Amino acid sequence: MVISKKNTNKLKIINPSGKIEANFFELVYEVARQIPKGRVTSYGAIAACLGTKLSARMVGWAMNGAHHANPKVPAHRVVNRKGMLTGKLHFETPKKMEQLLIKEGVKIKNDTVVDFEKLFWNPLLELEF
DNA sequence: CGCCTGACGAAAC
DNA sequence: GGTTTCGCCAGGC
């Protein structure tokens, strides 16, 4: 799988066949999958990493399909920029997200990641397309 | 087709 | 300083 920056500086995933896949979503998933266990990042950070920082909404929105994505996407490690688990309601059960994070060693308080800044994983720094 | 809707984020009130 | 508005853009209706 190849990732390239074609026109407009938007990133797109291109299969070996040269066919363009559902760019945005797949790309978001791709980045999300890179998030280390026990770490978290924000929608905006992912968006910025993809070059579409102005549309963080799309990143979160893309997560709608993350459930039936393959391979599995650790969507629970993605929160908004304040560290709030705003997407918990979109999981199988509202508690799922929090439980998954706690399981990985991330502490949650009031639907917010404790020490968010410390656990924050910046795709811009860790990844390079 | 145009209009509405977001798991966001920043800026304007 | 909490609330609303707007930009963003793909998809559903």
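Heavy atoms only: backbone and side chains are in, while hydrogens, waters and symmetry mates are out. Fair warning: this is a prediction, and the values are worked out from it, not measured in the lab. Order of the sequence lines fixes the chain letters, A, B, ..., with proteins taken first and strands second; residue numbering starts at 1 for each chain.
Here A:Ala66 lies out of heavy-atom contact (under 4.0 Å) with every strand. In this structure, A:His67 reaches the bases: a heavy-atom distance under 4.0 Å links it to at least one base atom across the strands shown.
For C:dT5 and B:dC4, the P atoms lie 15 Å apart once the distance is rounded to whole Å.
Under 3.5 Å, the side chain of A:Arg57 and the base of C:dC9 form no donor-acceptor pair of N or O atoms.
Of the residues in residues 83-106 of chain A, A:Thr86, A:Gly87, A:His90, A:Phe91 come within less than 4.0 Å of DNA chain B through at least one heavy atom, sorted by number.
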*Trace of the side chain to side chain contact (heavy atoms under 4.5 Å, CB included) decision for A:Lys82 with A:Thr112*: CA-CA 8 Å; A:Lys82 291 174 189 169; A:Thr112 304; 5.9 Å; no

*Please step through side chain to side chain contact (heavy atoms under 4.5 Å, CB included) for the pair A:Leu101 and A:Leu85, ending with a clear verdict.*
CA-CA 10 Å; A:Leu101 286 172; A:Leu85 282 53; 3.9 Å; yes

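The side chain to side chain contact (heavy atoms under 4.5 Å, CB included) test with A:Glu98 singles out one residue from A:Thr93, A:Val113, A:Ile108, A:Val106, and that residue is A:Ile108. With respect to A:Lys88, the side chain to side chain contact (heavy atoms under 4.5 Å, CB included) criterion is satisfied by exactly one of A:Gln99, A:Lys95, A:Met97: A:Met97.
A donor-acceptor pair under 3.5 Å is formed between the side chain of A:Tyr29 and the backbone N or O of A:Ala62.
For DNA chain B, the span of nucleotides reached by chain A at under 4.0 Å from its heavy atoms goes, 5' to 3', from B:dG6 to B:dA10.
For A:Glu92, the salt bridge (charged side-chain N to carboxylate O under 4.0 Å, His left out) partners at least two apart in sequence or on another chain are A:Lys96.
For the pair A:Arg33/A:Val73, a side-chain contact is recorded, criterion being any heavy-atom separation below 4.5 Å from C-beta on.
A:His76 and A:Phe91 have perpendicular rings, their planes meeting at more than 60° on a 0 to 90° scale where under 30° would count as parallel.
C:dT5 atom C1' lies 16 Å from atom CG of A:Leu54, rounded to whole Å. For the pair A:Phe25 CZ and C:dC9 P, the computed distance is 14 Å after rounding to whole Å.
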